[in-house]
Every structure is written in structure tokens, then in C-alpha cells.
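Residue numbers start from 1 in every chain, and the chains themselves are labelled A, B, ... in the order their sequence lines are given, proteins ahead of strands.
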Protein chains: 2
Amino acid sequence: MDKPEERIRIKDIAQLAGVSVGTVDRVLHGRSGVSEKSREKVEKILKKLDYQPNMYASALASNKKYVFACLLPQHSEGEYWSYVENGMKQAIKDFSDFNISLALAYYDQYTLGDFLKSGKKLLEQSPDGLIISPTIESETESFISELRTHGIPYIFIDSNIPKLNPLCFYGQHAEQSGYFAARMMSMLMQGATELVIFRQISEGRLGSNQQLHREEGFYTYMKEHRPNLNMFTVNLYAKLPDEDETILDNFFKKYPGIQYGITFNSKAYAIGEYMERHGKKDFHLMGYDLLQRNVDCLRKGSIDFIIAQQPTLQGYSSIESLCNHLILKKEIKACNYMPINLLSIENIDFYLSAHRKDNH
Amino acid sequence: MDKPEERIRIKDIAQLAGVSVGTVDRVLHGRSGVSEKSREKVEKILKKLDYQPNMYASALASNKKYVFACLLPQHSEGEYWSYVENGMKQAIKDFSDFNISLALAYYDQYTLGDFLKSGKKLLEQSPDGLIISPTIESETESFISELRTHGIPYIFIDSNIPKLNPLCFYGQHAEQSGYFAARMMSMLMQGATELVIFRQISEGRLGSNQQLHREEGFYTYMKEHRPNLNMFTVNLYAKLPDEDETILDNFFKKYPGIQYGITFNSKAYAIGEYMERHGKKDFHLMGYDLLQRNVDCLRKGSIDFIIAQQPTLQGYSSIESLCNHLILKKEIKACNYMPINLLSIENIDFYLSAHRKDNH
DNA sequence: CTGTTAGCGCGTTCAG
DNA sequence: CTGAACGCGCTAACAG
């Protein structure tokens with residue numbers, strides 16, 4: 001039975017050490033101007049009583065304002081990154097009593113140098129912490145070195161570059177999630193022997209590293225467990241819907257018997273909606289991310305399974321981590337893999353309603 | 001670009017309304033002793049500026065201690081309820097700056113009247129809020145009416161009795177989770193036509209309502225999608241391991257061809273370990289809850305899938321909700337279904353590492 | 001090097 | 001009915 005034990009305060013420590021609160025505060029914050037004798041005495045008592053500061057009182061007294069900054073790929077409402085952004089905004093609201101604000105900037109993923117340009121502009125606001133998605137490795141690297149000179153902590157989100165050691169990382173283990181997807185697809189396919197992978201190509205390259213890594217994990221599983229599986233790939237171009245339509249028409253004319261497909265990006269709805277338009281009800285599709293259009297397809301039956309990576313929670317957690325690090329001075333975990341969740345028509349409702357911190 | 005806009009304080013409101021902070025405080029808390037004129041004026045400005053109090057400053061100033069209480073079924077370390085308890089303890093630590101403490105009490109699920117007896121004892125500590133799992137409907141009902149007379153808010157965890165309208169509920173939608181389990185099992189079984197359901201019987205009845213509801217959901221799906229499936233049931237008695245061994249021996253002697261099984265309680269490991277002992281590698285098993293022994297079976301391959309219901313998070317969230325309600329005066333959601341997550345050897349690691357708030 | 005003190009935003013007296 | 005004043009635990013400026 002936990003007794004409501006009295007919390008130890010700075011005042012108590014000071015009394016026990018025979019010094020004033022000012023001195024205790026100085027050793028707590030490692031500031032100079034304390035004699036070795038006092039420091040030792042205070043530190044001993046601090047440790048002995050396991051002093052835990054009241055961080056809310058601390059934040060209140062310090063009366064500082066914090067500016068967090070975030071650099072994200074350009075996006076429209078309803079796309080993947082908009083969920084990340086929503087999560088951050090929710091966290092900013094939830095922790096508003098800490099006097100935090102968020103400066104957002106966007107960059108064009110496909111214009112070389114735009115990441116750096118937007119990043120510089122963001123730095124003008126002299127943020128206390130920064131969140132970025134390191135989609136472009138080279139530009140990220142030079143940006144990070146800039147941050148280092150300013151001593152600004154940074155968090156990576158969605159994908160990771162460990163060697164640039166960020167304060168922490170939030171995102172899925174892409175390869176493992178592709179591996180898991182393959183296990184599910186393998187069950188779904190029962191005895192079928194043919195499968196198609198739909199890729200999204202933007203500006204001549206795969207939209208993201210994540211997409212690539214998932215595909216690799218998928219192949220790994222299938223090589224191990226289904227060596228005789230026949231896998232086709234179809235390249236699509238999100239910005240050219242008419243052309244995509246023709247590509248799909250041609251593919252399914254050529255291979256009318258293929259009943260299973262997967263996409264490793266968030267645009268599974270493009271395929272699902274195609275199937276709906278063409279009344280193809282015998283096609284089974286898997287994809288990523290709970291965009292509204294994907295969820296609609298799931299409900300209509302044109303997508304069988306979606307793997308979620310909780311972008312909203314990623315956004316929320318990254319803001320929370322900045323608070324924990326900068327304001328509450330808590331230890332934070334460096335690598336935070338998001339769970340690999342499988343969603344189907346049978347469990348989607350409970351997933352969506354589960355957390356207001358991660359509504360999508 | 002969000003400007004770090006100044007937060008409105010009580011002082012500001014007072015100034016604008018031409019009154020003192022004391023008066024503003026009185027209208028904020030609906031206390032008496034304010035003229036109609038002042039009240040209206042203040043309320044208008046409050047609404048206009050959308051005043052949001054700094055709850056940390058508020059909690060600090062009020063300098064109150066809160067006692068939360070929780071009544072759980074008796075359990076050993078490693079069992080389901082121990083995860084719930086761990087989540088609560090973690091939350092108590094995380095929110096210790098709010099001056100909260102937790103009084104725990106346990107009851108014997110199978111001794112009539114013990115729930116009420118332990119409950120009464122808990123009330124002697126005059127808790128400010130209470131968390132219970134309403135496993136025994138009749139006793140819960142009479143206990144709740146007692147709480148009502150004291151005006152103590154209560155939260156239900158794991159299973160729900162909506163008509164006793166608790167402050168809120170955390171738990172899984174048991175029937176839907178059984179339905180989902182059936183969908184997965186159906187895929188896993190491929191073309192197989194036989195299946196066995198293992199039940200845990202304690203003191204002559206099914207261990208929990210949850211177990212029953214899951215089974216119902218499971219049947220519903222199978223009736224709809226696999227009408228010709230042949231389902232066996234085997235009743236086991238956790239407290240009589242020797243007897244259970246014989247029951248299983250006899251069952252598999254009689255039906256050696258059955259390759260698929262499921263349990264709707266947290267003791268799937270009992271079956272998994274049986275299979276390991278007997279070298280039966282062709283049996284495919286599903287179960288519930290990430291107890292360590294279940295996870296071990298998953299890793300060894302004697303369990304194929306586990307459905308998680310995040311007991312640690314349930315515990316954590318229920319404490320968090322009491323804080324939000326009693327201290328931070330936030331609105332809280334009445335019904336919080338936990339997501340229905342499917343875990344396999346391919347995604348378990350990332351699930352386990354995901355949140356420190358829900359390590360199991 | 002050290003102690004004292006005035007706040008941070010809010011809750012709660014206590015005079016008037 | 002209202003305002004002023006003090007304190008919650010902590011920070012930081014200032015005086016010595």
C-alpha cells in the first residue's frame with residue numbers, strides 16, 4: 001500500500017545540507033560558484049534522498065518560451081505527411097502550458113537544394129529543437145552540421161540515418177514491415193502462384209527509401225518461403241493518372257489471371273479505386289498507411305489489408321520528446337520503432353477509435 | 001507560421017474586466033460571492049479570449065494530494081493483471097509531480113463477497129478516484145452505488161458494464177476481437193476443415209466474460225464465412241495441470257488429424273508448451289495476450305499468432321484519465337476501445353519495443 | 001562563494 | 001461582494 005509519502009523539495013535538501021536553496025539550485029544545474037565542500041555535501045544528500053524536481057514548478061519559474069521547428073516534404077491535406085503534421089499540432093496544444101510553439105516549413109522533395117533553402121529560413125527563427133525527415137541524405141548531412149554548430153538538437157522522423165545520430169528517431173523498421181507484409185500476403189494468397197507489385201515512381205525514382213526497403217523485406221520473405229512465386233512489377237506515375245490507367249489496362253489485359261497485388265507506398269487507393277471502377281472483385285490488394293481514401297477502399301473491399309505506421313503518433317511523439325529533453329530534462333529513447341500493425345475491415349474501427357493521439 | 005503568442009493569464013482577464021484576480025478566480029470556479037454584473041463581464045471576456053488556465057500552475061498552487069485506488073483480481077507476477085498493475089505504477093511515477101499516490105487492493109475472483117469486502121477496505125482510505133475491473137456484475141453494482149453516495153468517480157478496465165456508467169472505460173471490444181481472430185484463423189487454415197477451441201474453466205465456469213464474448217465473435221465469423229467448418233471444444237482446468245495433460249492426450253489420440261486451435265484466454269502457452277513437449281510441430285495455434293510465456297512460444301513456433309489487448313496501456317491510461325479528470329479538469333472520452341493487434345514472430349519485436357507505456 | 005528575495009500563474013485566505 | 005496578500009516549488013538576479 002503506497003503511502004502518500006511527502007515529496008522532497010529543494011528546501012528540504014538545503015536544510016539537511018546546511019546551505020541555502022540558491023546553492024542547491026546551483027549544484028542541480030551544474031552552475032559555477034559553489035565550493036567543492038558544499039557541492040559534495042549537497043550531491044550526497046541529493047543522491048541519498050533520490051531527489052526528483054517538480055518539473056512543472058521548474059518550467060513555471062524559468063518562464064522560458066521554446067520554439068520548435070519542423071521541416072517536412074510539401075504535401076496536401078489527406079496525404080501521409082499531413083497526418084504527421086496533425087500529430088505535432090495536437091502535441092503543441094497538449095503541452096501549451098510549457099510555452100512552446102511550432103515553426104513549420106516545407107520543401108519540394110524533387111527540387112535539388114530546396115531542402116537546404118527551407119532549412120536555412122527555418123534557422124532564422126532560432127529554434128530550440130528541430131524535427132526533420134531525412135529523405136534526402138546528402139542535403140540532410142550538410143544541414144545537420146549546421147545544426148551542430150548552433151547546438152540545436154534534432155529528431156528524425158519516418159526514416160533514419162543513424163550515423164548522423166539524432167536525438168532520437170520515430171518510424172517503422174521498413175524492411176521488417178515488408179517482411180511481415182509478405183507473411184500476410186502469403187497466407188492471403190493460399191495456393192496462388194502469381195503476384196504483382198505496384199510501384200510509385202516520382203521524377204524518375206522511387207518515391208522514398210522506405211518504399212524500397214519494404215520491397216526488399218518482402219522479397220526476402222518470399223525467397224525464403226515461396227521460392228516459386230512469380231512476382232511482376234508495374235511502375236506507376238502518380239502525377240500522370242491517365243497514363244497510369246493505360247498501364248494498368250495493359251497489364252491486366254496481358255495477365256488477367258493475377259489476383260494478388262501489393263503496394264509499398266501510401267497510394268494503394270489508386271489501385272483499389274481502379275478495381276472498383278472496373279468491377280474487378282476477385283483482386284486482393286495490400287497497401288500502406290491509413291489515408292482516408294485507403295480506409296474507404298478497405299471498407300468497400302477493394303483493399304484487403306493495410307499496414308499502418310502511425311504517422312500522427314510519430315508527429316506527436318517527436319514534439320513530446322523535444323519537451324522531455326529540453327524542458328523536463330528526461331532521458332529519451334534514441335530509437336523508437338513504430339509497431340507494425342495489420343488493419344482489415346474486421347479491426348479497423350477499433351484501431352481508428354483507439355487513441356486521440358493517433359487518429360490515423 | 002505560429003507566432004509564439006502570449007498566453008492569456010488570469011491577471012489579463014482581470015485587467016480587461018476591471019476587476020481583481022480574486023473575482024476572476026471565483027467565476028472560473030463557479031464559486032459564490034460575485035455580483036451578476038461582474039460575473040457576466042468576466043465570462044464574456046473569458047469566452048472571447050478563449051482563456052485556457054495553466055493547469056500546472058493550478059495544480060502547484062492548490063497543493064492538494066490525491067489518492068487513487070484500484071481493485072484488481074488476485075494474480076501472480078507474469079499473469080495478465082500484473083501487466084495492468086505495472087502500467088498503473090508507471091503512470092503514478094510519470095505524474096508524480098501532481099502529488100498522486102495509488103492504493104491497491106486485490107480480491108479473489110472465485111470467493112463470493114470478496115470483491116465487496118476488499119472494496120470496503122479500500123474506501124477507508126477515502127480515495128479521490130477509483131479503478132476497477134467489473135468482473136462480477138452483481139457485486140460491482142452494489143459497490144458502485146456506495147461510490148455514488150461518496151461522489152467518487154470510477155473507471156472500468158478490461159471489461160465494461162455501460163449501464164453503470166463509469167467515468168470511462170478501457171478495454172477491448174471482445175466480440176469484435178474474436179471475429180477478427182476468426183478471419184485470421186480462416187486464412188491460416190487454408191483449406192482445412194477442423195479446428196479446436198481450448199477453454200479455461202475455473203471453479204466450474206468460464207474464467208471471464210471476455211473469454212465468452214470472444215468465442216461468440218469467433219463463431220459469428222465462422223458461421224458466416226465457413227459454415228462447414230467442424231469445431232471441437234476442449235475444456236481445461238488451469239489449476240489441475242496433470243488432469244489437463246490427460247485431457248489433451250486423449251483428445252489428440254482421438255483426433256490426431258486436427259492441426260488448428262485457438263484459446264480465448266491468456267493461457268495459450270499451456271497448449272503451446274504441450275505441443276513442444278510432444279514434438280507436435282504441425283499444429284497451429286492462436287491465443288491472446290503477450291505474457292512472457294506466450295511470447296516464448298511465439299518465438300519457438302508453438303504459437304502462430306497472438307492478439308494483444310495492451311493491458312499495460314490500459315492501466316497507464318486509466319491513471320492518466322483520473323489525472324485529467326480530477327486535476328487537469330479535461331474532458332475525457334467515455335469509451336476507449338483498445339486496438340485489436342495481431343502479433344506474430346515477424347512483428348513482435350517492434351511491437352514490444354514500441355512504447356515504454358505499454359511494454360507488454 | 002553564498003544567502004536572500006522577487007517573481008512564474010494560480011488558489012485561497014482574510015480584511016474591508 | 002471584492003481586492004490584496006501570501007504561498008505552492010523552483011529559478012535567477014542581486015547583494016554581500
Quiz item: Who pairs with N63(B) by side-chain hydrogen bond (donor to acceptor under 3.5 Å, both in side chains), at least two apart in sequence or on another chain?
Solution: none
Quiz item: What residues, two or more places apart in sequence or in another chain, satisfy salt bridge (charged side-chain N to carboxylate O under 4.0 Å, His left out) together with D128(B)?
Solution: none
Practice problem: For K163(B), enumerate each residue passing the salt bridge (charged side-chain N to carboxylate O under 4.0 Å, His left out) test, keeping only those at least two apart in sequence or located in another chain. | Solution: E137(B)
Practice problem: Sequence neighbours left out, what passes salt bridge (charged side-chain N to carboxylate O under 4.0 Å, His left out) with E85(B)? Give chain and number order. | Solution: K89(B)
Quiz item: With sequence neighbours excluded, what pairs up with R9(B) under the salt bridge (charged side-chain N to carboxylate O under 4.0 Å, His left out) test?
Solution: D12(B)
Self-check item: No-hydrogen, no-angle side-chain donor-acceptor test under 3.5 Å, E320(B) and N324(B)
Solution: no
Quick one: side chains of residues 146-156 of chain B, donor-acceptor pairs under 3.5 Å with protein atoms, not counting sequence neighbours, listed by atom name and distance.
| from | atom 1 | to | atom 2 | distance (Å) |
| --- | --- | --- | --- | --- |
| R148(B) | NH2 | Y154(B) | OH | 3.1 |
| R148(B) | NH2 | N165(B) | OD1 | 3.2 |
| T149(B) | OG1 | E146(B) | O | 2.6 |
| Y154(B) | OH | L164(B) | O | 2.7 |
| Y154(B) | OH | N165(B) | O | 3.4 |

Quiz prompt | side-chain hydrogen bond (donor to acceptor under 3.5 Å, both in side chains) partners of T140(A), counting only residues at least two apart | solution = none
Quiz prompt | Outermost nucleotides of DNA chain C that come under 4.0 Å of a non-hydrogen atom of chain A | solution = dC1(C) to dG9(C)
Self-check item: Contacting residues from residues 32-43 of chain B, given that a heavy atom lies under 4.0 angstrom of DNA chain C
Solution: none
In a table with atom names and distances, give each donor-acceptor pair under 3.5 Å that connects a side chain of residues 33-40 of chain A to protein atoms at least two apart or in another chain.
| from | atom 1 | to | atom 2 | distance (Å) |
| --- | --- | --- | --- | --- |
| S35(A) | OG | S38(A) | N | 3.2 |
| S35(A) | OG | S38(A) | OG | 3.0 |
| R39(A) | NH2 | R31(A) | O | 3.3 |

Exercise. Determine, for nucleotides 8-16 of chain D in 5'-to-3' order, which nucleotides have protein heavy atoms under 4.0 Å from the base (write B), from only the sugar-phosphate (write S), or from neither (write -).
Key: BBBSB----
Quiz prompt | By side-chain contact (heavy atoms from CB on, under 4.5 Å) - contacts of E331(A) (at least two apart) | solution = none
